[in-house]
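Reviewing the structure listed below.
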Amino acid sequence: MLCWARAWRLLRRGLGPSTPSFSRVPVAPSSSQSGAEPRPVRLSYKLLDGEAASPPLVLLHGLFGSKNNFNSVANSLAQQTSRKVLIVDARNHGDSPHSPDMSYEAMSQDMQDLLPQLGLGPCVLVGHSMGGRTAMLLALQRPELVDRLIVVDISPLESTSSSNFPNYIAALRAMDIPDEASLSRARKLANEKLSSVIQSVSIRQLLLTNLVEVDRRFVWRVNLDALAQHIDKIMDFPARQESYSGPALFLLGGNSKFVLPSHHPEIRRLFPRAQMQTVPNASHWVHSDRPQDFVAAVRGFLA
């Protein structure tokens, strides 16, 4: 039986160069000094081609997600807008490197490093949940990189009361799966174990996209140690005094409680041109629940 906590402790210590089995998820060094500017990591990404004349769309996923969560809507947006579309794995997620640093300052710095490397000038930032907060901070810190901002079902205020994410992390870290199982069997077993903690089938499916087989053992692609250590930071937003004067859309799920009416004044303080739009019959995962409505909302905001 493989204990996930033990596996991730091993991964966090690092698998030296003589053990290439986990090279697909490299470990990045942390910032060397307290208070130093976060050291960017080389993010994994996919860029869909389009016309260079229009600002590209950059899609940032939420906690436990990956760039693959946006594959369908990214293709739709690329086809319907003829723009370049970039989808990115955040640090400690997907195929991007693992790092003990997991703050919005670090994630914003990652994007500040990546966008110029790809020659992507002012872009339309579209961020869901954790990715939405990264997008907000990037717009506040480097407004010249952001043509427009779309934040999906999150606000710049603390969201712990509306989230079960800490429980999800605990459930994943506590799980045991036999090493000899096939990947499909491992995911089935994991789904059965998670069902007692997580009622939503779609949320379990999202979490299980992170279960991968490496060197005949099962591990989670997400860096559970870093997420557990910094979950309080992820559930909140850094205090900021400056504002972003560009156009901003806050796209909310009609069935979600992540963004409350009491959050609106702070949203409008930081983003004075913010528009609020609700997608009916959508949960926190708006783009997954109502992909056509999501694409239509993005296109409408770009018009």
Side-chain angles (χ1 to χ4, degrees), residues 25-26 28-31 36-48 50 54-71 73-74 77-78 83-154 156 222-223 226-227 230 233-234 236-238 240 242-251 270-271 287 298:
V25 185
S30 61
S31 299
E37 184 176 274
R39 182 178 299 176
V41 302
R42 296 178 63 87
L43 300 178
S44 176
Y45 64 87
K46 179 180 179 182
L47 180 61
L48 304 180
S54 299
L57 291 159
V58 177
L59 308 183
L60 306 180
H61 65 79
L63 187 62
F64 301 112
S66 73
K67 61 182 179 293
N68 295 334
N69 298 147
F70 279 120
N71 272 337
V73 296
L77 287 167
R83 297 179 185 232
K84 293 182 178 181
V85 179
L86 176 70
I87 51 179
V88 183
D89 282 334
R91 60 170 56 206
N92 294 316
H93 290 73
D95 295 320
S96 285
H98 285 184
S99 168
D101 297 337
M102 192 62 189
S103 65
Y104 287 112
E105 290 85 355
M107 288 185 275
S108 173
Q109 192 63 48
D110 291 341
M111 294 305 300
Q112 292 177 43
D113 189 62
L114 177 64
L115 292 174
Q117 285 182 21
L118 299 179
L120 300 180
C123 60
V124 179
L125 274 185
V126 185
H128 169 248
S129 196
M130 181 186 77
R133 286 188 170 137
T134 301
M136 283 189 279
L137 184 58
L138 178 56
L140 293 169
Q141 291 179 323
R142 297 288 303 277
E144 72 278 8
L145 294 178
V146 183
D147 178 72
R148 288 171 178 253
L149 174 67
I150 302 177
V151 178
V152 185
D153 208 60
I154 203 67
V222 286
N223 186 346
L227 299 188
H230 298 291
K233 292 181 181 178
I234 298 170
D236 208 345
F237 187 74
R240 309 298 299 188
E242 71 272 41
S243 63
Y244 170 71
S245 60
L249 172 66
F250 282 71
L251 192 60
L270 294 173
F271 307 97
H287 54 288
V298 172

I'd like to check [X] versus [Y] (side-chain heavy atoms, cut-off strictly below 4.5 Å). Are they in contact?
{"X": "Asn71", "Y": "Lys46", "answer": "yes"}
{"X": "Leu138", "Y": "Leu149", "answer": "no"}
{"X": "Tyr104", "Y": "Asp236", "answer": "no"}
{"X": "Phe70", "Y": "Val85", "answer": "no"}
{"X": "Glu105", "Y": "Lys233", "answer": "no"}
{"X": "Arg83", "Y": "Pro55", "answer": "yes"}
{"X": "Val126", "Y": "His287", "answer": "no"}
{"X": "Leu63", "Y": "His93", "answer": "yes"}

In Å, rounded to the nearest 0.5 Å, how long is the span from [atom1] of [X] to [atom2] of [Y]?
{"X": "Ser243", "Y": "Leu140", "atom1": "OG", "atom2": "CG", "result": "7.5 Å"}
{"X": "Thr134", "Y": "Asp110", "atom1": "OG1", "atom2": "CG", "result": "8.5 Å"}
{"X": "Lys84", "Y": "Leu118", "atom1": "NZ", "atom2": "CG", "result": "9.0 Å"}
{"X": "Arg142", "Y": "Tyr244", "atom1": "CZ", "atom2": "OH", "result": "13.0 Å"}
{"X": "Asn69", "Y": "Leu60", "atom1": "CG", "atom2": "CG", "result": "12.0 Å"}
{"X": "Arg133", "Y": "Ile154", "atom1": "CZ", "atom2": "CD1", "result": "4.0 Å"}

Where [X] and [Y] come nearest, the two heavy atoms and their spacing:
{"X": "Ile87", "Y": "Ala74", "answer": "CG2-CB, 3.9 Å"}
{"X": "Leu137", "Y": "Ser108", "answer": "CD2-CB, 4.1 Å"}
{"X": "Arg39", "Y": "Arg91", "answer": "O-NH2, 3.0 Å"}
{"X": "Pro156", "Y": "Leu270", "answer": "CB-CD1, 3.8 Å"}
{"X": "Leu120", "Y": "Pro56", "answer": "CD2-CG, 4.0 Å"}
{"X": "Ala90", "Y": "Met107", "answer": "CB-SD, 4.5 Å"}

Next on the checklist: Between Asn92 and Ser99 (side chain of the first, backbone of the second, donor and acceptor by atom type, cut-off under 3.5 Å), is there such a pair?
Outcome noted: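 Pair found, side chain donor or acceptor close to backbone of Ser99.
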Checklist entry - Among all residues two or more places apart in sequence or in another chain, which pass the side chain to side chain donor-acceptor pair (under 3.5 Å) test with Gln117? => result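 If we apply the side chain to side chain donor-acceptor pair (under 3.5 Å) test to Gln117, skipping adjacent residues, the hits are Asp113.
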Item to check | Test side-chain contact (heavy atoms from CB on, under 4.5 Å) applied to Ser44 - qualifying residues, sequence neighbours left out | outcome: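 If we apply the side-chain contact (heavy atoms from CB on, under 4.5 Å) test to Ser44, skipping adjacent residues, the hits are Lys67, Asp89, Asp95, Ser96.
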Checklist entry - Is atom CZ of Arg240 surrounded by more than 12 heavy atoms (other residues, nucleotides or ligands) closer than 6.0 Å? => result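 Yes, enclosed.
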Checklist entry - Hey, mind stepping through Val41 and Asp101 against side-chain contact (heavy atoms from CB on, under 4.5 Å) and telling me if it holds? => result CA-CA 10 Å; Val41 302; Asp101 297 337; over 6 Å; no
